[in-house]
Structure formats: C-alpha cells, structure tokens
Amino acid sequence: MGIASEALKNFKGFNLKNLPEVEPVSPGHRACQGCGEVLALRQAMKALGTNVVMCSATGCMEIITSPFPQSAWRVPWIHVAFENAAAVVSGAESAYKAMNRKGIINSPDTVFVGYGGDGATADIGMQALSGALERGHNFIYMCFDNEAYMNTGIQRSSSTPYGAATTTSPAGKKSIGQSTWKKNMPEIAVAHGTPYVATCSPAFPIDLMNKVKKASLVPGPAYLHIYSPCPTGWRCGIEESVEMARLAVQSKVFPLFEVIDGQYFLSRKVAKPKPVSEYFKPQRRFRHLTETEVAKIQARTDADYEKLVAKCVMEAKTKEKPEQEMSIRLDGA
Amino acid sequence: MSKQIGIEVSIACAEAAGLCDVDVVAAYPITPQTHIVEHLSEMVADGHLDAEFVPVESEHSAMSACIGSSAAGARTFTSTCSQGYALMSELCYIAASLRLPIVMAVANRALSAPINIWNDHADLMYARDTGWIQIIAENGQEVVDLTIQAFRMGEDPNVSFPVQVNLDGFTLSHMIEPLTIPDKADVDKYLPPYRPKLRLDPANPVTFGAVGMPDIYTEARKAQDEAFKNSLPYIEKAWDEFGKQFGRYYKPVETYKTEGAETIIISMGSISQTAMTAVDMMRAEGKKVGLTRIRLFRPFPAEALFAAIKGAKNVIVLDRVTSFAGGHVSGPVALEVKSILYDRKHHPKLRNFLVGLGGRDVTDQNFMEMVDQVAASKDDGVPVAYEFINVRE
Amino acid sequence: MAKETGFMSWKKLNFGIAITNPGNAAELKTGDWRSMRPETNKEKCTKCAQCYIYCPDMVYSKDAEGYYIQNYYYCKGCGICAHECPVDAITMIQEVD
C-alpha cells in the first residue's frame with residue numbers, strides 16, 4: 001500500500017449533516033459578485049480548518065482578501081510574490097519540521113498550504129511548484145483555475161482552453177481566440193510522483209471538501225486542481241458560476257478524478273454527457289466559435305475523457321478500489 | 001574554548017552559521033559560493049547541525065523558502081552571488097520589507113555578460129537599495145565573526161532586517177587561513193535564541209504581505225526607512241559586545257594611517273589588505289597616504305566616513321563595478337562619498353577609479369599609480385566622473 | 001463600523017504592515033454592492049443547505065429552526081443561491097432606495 005492509500009484507509013468524508021461551521025476566510029472579502037474562485041476557496045478552507053499555514057501567490061485570492069488594514073484571513077497567511085507560493089510554503093514547512101524536532105515549538109499537525117491561480121501555477125510558478133513537489137515537502141498545493149489572468153484583466157494563460165477569447169487571445173478575422181490546448185497540470189503533478197492528486201469543482205462541494213481533507217492527511221505533497229468559474233472573465237451571468245462548474249463536469253470538459261499513489265480513480269462517471277456547446281453557450285468567451293470549431297473541441301474533449309477513463313479502468317482491473325465512494329451528490333443533477 | 005585552525009574561509013563561514021544553530025538553510029549552488037552550502041549540507045548529513053537543508057531548484061526559490069522559513073520563526077541562512085543574486089533579487093526587497101532577519105553570505109562575483117565567475121562587487125552594489133544590512137569582510141576571520149554578528153544584528157528587535165555578509169569570491173572564499181573558531185558556548189552567550197514577536201502560527205494568526213494601497217504605501221515605506229536608519233546604533237552595539245566578549249573589535253568604518261594623510265584611499269573588501277601594504281610602502285617613501293575601509297555599506301555610515309576623511313586633500317574612491325550611468329556620474333561608492341561631502345564645507349578633491357573587475361588583480365603597484373596620478377593631476381575645471389584602472393587600450 | 005481605509009501614522013504600523021487582528025475584513029459591509037436581494041420563502045424551503053454551501057460571501061447561517069437565513073450586511077446580490085435552490089424557494093428582489 002502506498003503512503004497516500006495508507007493515510008486514507010480510514011478516511012471519513014463530510015456530508016450535508018456534518019458540514020464544518022468554521023470559516024477560515026471571513027466574509028467582507030472583496031471578490032466580485034458571484035466569484036466561483038472564492039467560493040471554491042471557502043469550501044476548501046472549511047475542510048482544512050484552522051491549524052494551517054497559508055502561503056499565497058499574487059492573484060485574485062490574494063488581493064481580495066488582504067488590502068491593508070483589513071484581512072479576511074482568520075488563519076496564518078503570507079503573501080510574498082507571484083511565482084513562488086510553492087517555494088515559500090517549502091520554507092515554512094521546513095521551519096516547522098526543524099523547530100518541532102528541536103523542541104522550539106510543538107505543532108506537529110499543522111497543515112501547510114500553497115495556493116495560486118492558474119497563471120501562478122501553470123505559467124510563472126511552474127518551476128517553484130515542480131521543485132517543491134519533487135522535494136516531497138509535506139504540503140498541499142491548490143491551483144484555483146479560472147483559465148486566465150483575471151486579476152490583471154483576463155489575459156490568456158497556458159491554462160486557458162482552446163478557443164476562448166481573452167484580452168491577449170482575442171477572437172478576430174485571423175484568430176479563433178486561444179490557439180493552444182489547455183496545459184494538463186494534474187498530469188504534470190502526477191508525473192512528479194505526487195502521492196495525492198485530485199481535480200475538484202465548487203459545484204460538488206462535498207467531493208471538493210473530501211479531497212481537500214484527504215490532501216491534508218497524506219504525508220508528503222498533494223496537488224489539487226480546482227475549477228474556479230469567473231463570471232467577470234468568462235462573461236457569463238454572476239448567478240451562473242456554480243452552474244458553469246457543474247456543466248464543465250457534465251460535459252466532460254473538467255472531469256473529476258483522484259490519483260492516489262499513481263492510481264487513477266474517477267470520482268464521477270459522466271454517463272450521459274452534455275455537449276460542450278451547452279457549456280459554452282452561457283459564456284461569451286466562446287461566443288465567436290463556429291460549429292466546425294465546436295465540433296473539433298467536442299472531439300478532443302471526448303478523446304481526452306476516454307484516455308482518462310481508460311487509465312481508471314485499467315487500474316480498477318488490476319487493483320481493488322480502496323474505500324472511497326463516489327462523491328455524495330449534492331445538486332441532484 | 002575557541003580553537004585556531006587552518007581552514008578554508010568558505011568552510012569557516014558554514015561552521016560559523018552552524019555555531020549559530022540555524023534551523024533552516026535553503027540554497028542553490030553557484031560558483032564561488034558552493035563550498036559554503038556544500039559544507040552546511042554535510043554538517044546536516046553528519047548530524048553535526050540539527051537543521052533542515054532545503055536543496056531548492058533556483059536562487060529565486062532559495063530566497064522564497066528563506067522568507068517562508070523566517071516568517072515561520074526559524075533562524076534562516078542562505079548563500080549566493082552574482083547571477084544567483086540577480087535571480088533572487090525580487091525576493092530580497094520583500095524579505096527586507098517583511099522585516100525578516102535572514103542571513104545571507106554573498107561570495108561576491110561579477111555579473112554577466114561576458115559570463116565571469118571571478119570577484120568584483122557587482123552583486124554587492126546590485127543589492128544596495130534592497131533594504132538589507134550589508135557588511136563586508138576583508139579576511140577569513142572577519143567572515144567568521146561577521147557571520148555570527150549578522151544574526152545578532154538582524155534579529156535585534158530594534159533592527160529586524162536581513163543581513164548580507166559579503167566576502168570576495170575566490171580571493172577570500174577559497175583561501176585557507178589560520179582562523180579562530182569561537183566556542184559554541186560563547187556564541188550561545190552572545191546570540192540569544194531567535195523568538196520573533198510575530199510569526200506564522202495557527203495559535204496567533206497574522207497576515208503577512210498584505211496589499212498596500214496608495215493610502216498606506218508611503219507610510220509603510222517611511223516606517224521601513226526610519227527603522228533602517230535607526231538600526232545603525234544597534235549594529236554598532238552588536239560589534240561592541242562582540243569585541244568585549246571575543247576581543248576582536250569592529251567598526252562601520254576602519255582607518256589605517258589616516259592621521260596627517262593628504263591622500264586617503266577608500267576601499268571595501270579583501271583588496272583593502274593589499275591597499276594596506278601599498279600604504280606602508282608609500283609611507284616608507286615619505287608620501288602622506290592613508291586608507292579608509294568601509295565595513296558597513298548599508299545603512300551607510302555617513303558620519304563615521306566623513307570623520308575619517310575630513311582632513312584629507314585628496315580622496316581616492318575605489319569602485320569594483322561598472323554602473324553604466326552614461327559617463328558623467330561616478331561609481332556607486334564614490335557617489336555615496338560625494339553625497340556626504342556635498343553639504344559640508346570641506347570638499348577634498350575626489351577621484352574615482354574602477355578597479356578589480358571580474359577578477360582582475362589589483363596590485364600594490366596599482367595603488368601607487370593611482371596616488372601618483374592624483375598628486376600630478378591639475379584641476380583644469382573639467383570634471384572626471386571616474387577612470388578605469390589597468391585596462392588595455 | 002471600522003474605517004475601511006488604511007489611514008494611520010507610519011509610527012503605528014507593525015513590521016511589514018502585518019495585520020494582527022485577523023478576519024477583520026468582516027467589518028467591511030460588502031452588502032453595499034447589492035442591487036438585488038435574495039429572499040427565502042420558508043414555506044417552500046426544505047433546509048437542504050445548498051444556498052449555504054454555494055454562497056461565495058458566507059451570507060447564510062442556520063437559525064434555531066434549521067432554516068438558512070441571509071446576513072444582508074455581506075450579501076453582494078450575485079443570485080447564485082436563487083439560481084441553485086432546487087425548490088425555487090429563493091427569489092431575487094430589486095433593492096430600492
């Protein structure tokens with residue numbers, strides 16, 4: 001049994017009856033109306049509780065929680081720069097390790113978390129994250145993926161999906177918008193031998209909270225890729241964030257899965273998938289796409305999903321699935 | 001009991017950091033800093049030092065990890081130079097503004113291009129506006145002592161700034177010298193444990209690195225500037241107490257044969273040792289030459305420096321870096337000296353020479369040439385911002 | 001209500017402008033941003049907690065009877081709760097003033 005499976009063998013998840021009341025991020029934060037990213041952050045922090053040290057990258061979740069003299073953080077929190085959250089958390093975790101061992105402090109159970117947006121993770125912070133994952137620090141890295149540089153005004157990142165219009169990948173006569181396919185960060189994390197990797201969505205809060213909790217229990221690094229709809233950047237309605245997150249899962253655009261000690265588990269099989277066009281329709285970033293382009297994206301989405309399912313199936317054949325149920329569905333959808 | 005041994009200066013630097021009970025070392029290798037971090041990792045591997053050695057993937061992450069570590073409340077050390085310093089410099093500003101007393105040994109090396117691994121002060125000067133305390137060693141014993149003192153200075157609650165210990169790459173870092181390594185118990189007596197008032201602690205949550213809007217940014221900078229300015233007496237106190245305990249005394253500015261000197265050379269770092277030899281030779285010839293060495297570059301000891309040079313007719317300032325200001329502005333050390341002279345009545349003639357770039361030797365002969373050149377020069381009213389020394393036409 | 005700006009003397013700042021009263025963002029009345037207000041019809045409400053767990057602004061809390069009620073001090077009026085409510089118990093009402 002791998003270290004992650006070992007740590008999770010007696011895992012008990014959250015359910016609607018025992019949702020933690022704790023809100024480590026306070027209300028009064030300055031996120032946009034209907035922000036899906038702060039919603040995901042809120043759910044994640046409820047799962048983590050208060051014995052944490054948070055290391056933040058520059059980005060929306062930094063700026064909306066910390067304009068002096070007010071902080072929304074009820075837990076210890078540090079922001080240093082854009083590209084280095086994983087390195088800062090490496091240092092904090094090492095400090096605790098040394099100080100606990102030397103008897104200077106007694107906090108063996110504190111959880112260390114680095115987090116950032118997709119730009120801070122997949123682009124500028126990739127090197128620091130790779131280093132921290134490879135070194136095997138006992139920490140969680142959370143990527144809140146809203147698929148562009150939203151804080152600076154909706155510029156494209158390597159995590160922006162193919163076809164999406166942003167302010168630096170605009171659609172035009174000679175452009176379909178983003179011309180490259182989304183970088184696959186979870187696979188990159190898996191390739192580092194990270195004991196626990198998972199994708200989560202705020203539309204499935206129990207699943208998200210369970211994965212965050214599991215990440216905190218695994219000794220060594222854990223990587224969580226968290227879908228974070230941004231009505232401001234995606235140009236959908238402010239009331240539609242959760243629906244966008246749900247449609248992304250239902251259309252197979254953002255499948256929910258876990259990789260435990262390298263073994264893949266599908267958290268939610270999409271039996272009757274919705275077409276990607278249904279997910280695209282409410283978002284003006286995709287409005288310019290022709291039927292041909294949508295068909296091309298549909299084909300790629302289907303193929304990627306099949307590849308993922310194949311990995312899960314293969315693992316399921318060779319090994320019994322450990323005790324971890326399909327996420328309890330909250331939305332009834 | 002302290003012990004005297006023949007030891008490479010880099011190894012001694014690492015031993016000194018070890019004597020200070022560092023909790024975390026996060027470092028990335030770069031020539032000529034490597035022996036310092038190699039030895040620290042050995043000490044951890046052998047169990048001689050109870051610390052976490054974090055072998056980060058870049059200098060940028062080295063300083064980032066140091067910030068996380070220091071903010072968590074651990075005593076934190078690193079080392080770098082040159083391109084490595086340039087890569088981490090973004091974080092160096094932040095470490096100072098967050099008031100984290102990280103100690104970093106910089107084995108001073110030239111900046112590219114052309115790539116050059118040898119000694120000058122390009123990295124030292126690159127760092128001058130970051131808000132770090134910068135102290136400069138002239139010899140191996142000073143490297144040991146300054147490393148220990150750096151923790152004491154930086155961690156003083158009246159200071160709380162990171163400290164850069166500068167030692168010339170190769171010409172100092174790779175020398176084997178007979179050095180006195182202090183006894184651990186004596187270091188413990190000199191250096192109290194690091195217990196910061198604010199740290200990353202779930203029992204007492206604090207927000208570090210908040211956004212500073214225009215309505216507070218100026219105040220934040222003013223507070224940092226005042227604290228940095230006011231750190232000078234505490235730096236001197238750390239030196240005084242070290243002197244009392246260990247018998248080796250340090251000052252922000254050191255003078256050598258400046259009494260009655262008509263010409264005073266101002267230098268920094270290991271070339272000061274050669275300069276002293278040159279001064280002895282010139283004094284023997286009856287020339288009234290003295291030397292002033294700057295040991296503390298930030299915060300700049302303006303009063304002490306002025307006091308050291310105010311009697312001279314000529315001041316020769318050595319800069320070991322090119323600053324590309326367009327030809328009409330002196331090098332960085334000369335600029336500091338000029339700025340403290342401007343508001344004084346006494347204006348000695350000031351000449352600025354760029355010497356010892358990228359490992360070029362500076363010989364006693366070079367010092368004599370500079371002194372002779374200044375003595376022979378006539379003031380024709382045309383200002384000369386600086387001159388290169390020892391350059392082939 | 002505490003002042004929302006950072007006006008203070010440089011002499012009063014912590015090292016690195018550290019904020020030592022964490023969570024004080026809760027003083028901020030983000031309810032001012034709102035143009036629409038969610039109202040719950042308790043007759044329809046099944047106490048399912050979806051409004052609670054989907055709210056990005058921590059607006060909802062459980063009352064003595066188990067209903068989730070709004071704290072309009074923070075509600076920015078995004079309407080996610082109304083959109084997600086499985087029994088259409090929440091209606092967005094135009095604010096007037």
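Chain letters run A, B, ... following the sequence lines, proteins first and then strands; every chain starts at 1. Heavy-atom basis, side chains included; hydrogens, waters and symmetry copies ignored.
- Other residues, nucleotides and ligands contribute over 12 non-hydrogen atoms within 6.0 Å of the CD atom of Gln94(C).
- Judged purely by atom type and a 3.5 angstrom limit, Tyr54(C) has no side-chain atom pairing as donor or acceptor with the backbone of Val242(A).
- Note on Ala72(A), Gly36(A), Gly237(A), Pro231(A): by heavy-atom pairs under 4.5 Å with chain C, the leading option is Ala72(A).
- Only the side chain of Ile19(C) comes within contact range of chain A, judged by heavy atoms closer than 4.5 Å.
- A 4.5 Å side-chain heavy-atom check between Tyr52(C) and Leu19(A) finds at least one atom pair inside the cut-off.
- To the nearest 0.5 Å, atom CD of residue Gln33(A) and atom CD1 of residue Ile80(C) are 10.0 Å apart.
- Side-chain atoms of His29(A) never come within 3.5 Å of backbone atoms of Thr30(C) as a donor-acceptor pair (strictly under, hydrogens ignored).
- For the pair Gly34(A) and Cys78(C), the tightest heavy-atom approach, listed with the atom from each and the gap, is N-CB, 3.2 Å.
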Next on the checklist: Between Phe68(A) and Leu13(C), is the side-chain contact (heavy atoms from CB on, under 4.5 Å) condition met? List the steps.
Outcome noted: CA-CA 11 Å; Phe68(A) 185 89; Leu13(C) 296 174; 3.5 Å; yes

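- The two residues Leu16(A) and Ala49(C) have their closest heavy-atom pair at CD2-CB, 4.3 Å.
- For the pair Pro205(A) and Ile53(C), the tightest heavy-atom approach, listed with the atom from each and the gap, is CB-CG1, 3.6 Å.
- Residue pairs satisfying the side chain to side chain donor-acceptor pair (under 3.5 Å) criterion with at least one member in residues 235-245 of chain A, sequence neighbours excluded, are listed as follows: Glu243(A)-His83(C).
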Item to check | Intermediate values then yes/no, side-chain contact (heavy atoms from CB on, under 4.5 Å), Asn24(C) and Ser71(A) | outcome: CA-CA 6 Å; Asn24(C) 60 341; Ser71(A) 166; 4.0 Å; yes

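- The salt bridge (Lys or Arg N to Asp or Glu O under 4.0 Å) pairs that include a residue from residues 44-59 of chain C are Asp57(C)-Lys76(C), where partners are two or more places apart or lie in different chains.
- Counting heavy-atom pairs closer than 4.5 Å to chain C, the top-ranked of the candidates Thr65(A), Val75(A), Val25(A) is Val25(A).
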Next on the checklist: Applying side-chain contact (heavy atoms from CB on, under 4.5 Å) to Leu28(C) and Arg30(A), what does each step give before you reach the verdict?
Outcome noted: CA-CA 9 Å; Leu28(C) 275 174; Arg30(A) 305 179 197 207; 3.3 Å; yes

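- Taking every heavy atom of both residues into account, Ala25(C) and Ser26(A) meet most closely at CB-OG, 3.8 Å.
- With chain A as the partner, the residue from Cys55(C), Ala82(C), Cys75(C), Gly77(C) showing the most heavy-atom pairs under 4.5 Å is Cys55(C).
- For Tyr96(A), the ring-ring contact (aromatic ring centres under 6.0 Å, His included) criterion is met by Phe112(A), not counting sequence neighbours.
- Along residues 38-47 of chain A, the residues that come nearer than 4.5 angstrom to chain C, judged on non-hydrogen atoms, are Val38(A), Leu39(A), Arg42(A), Gln43(A), Lys46(A) in order of number.
- At a 4.5 Å heavy-atom cutoff, Cys81(C) makes no contact with chain A through either its backbone or its side chain.
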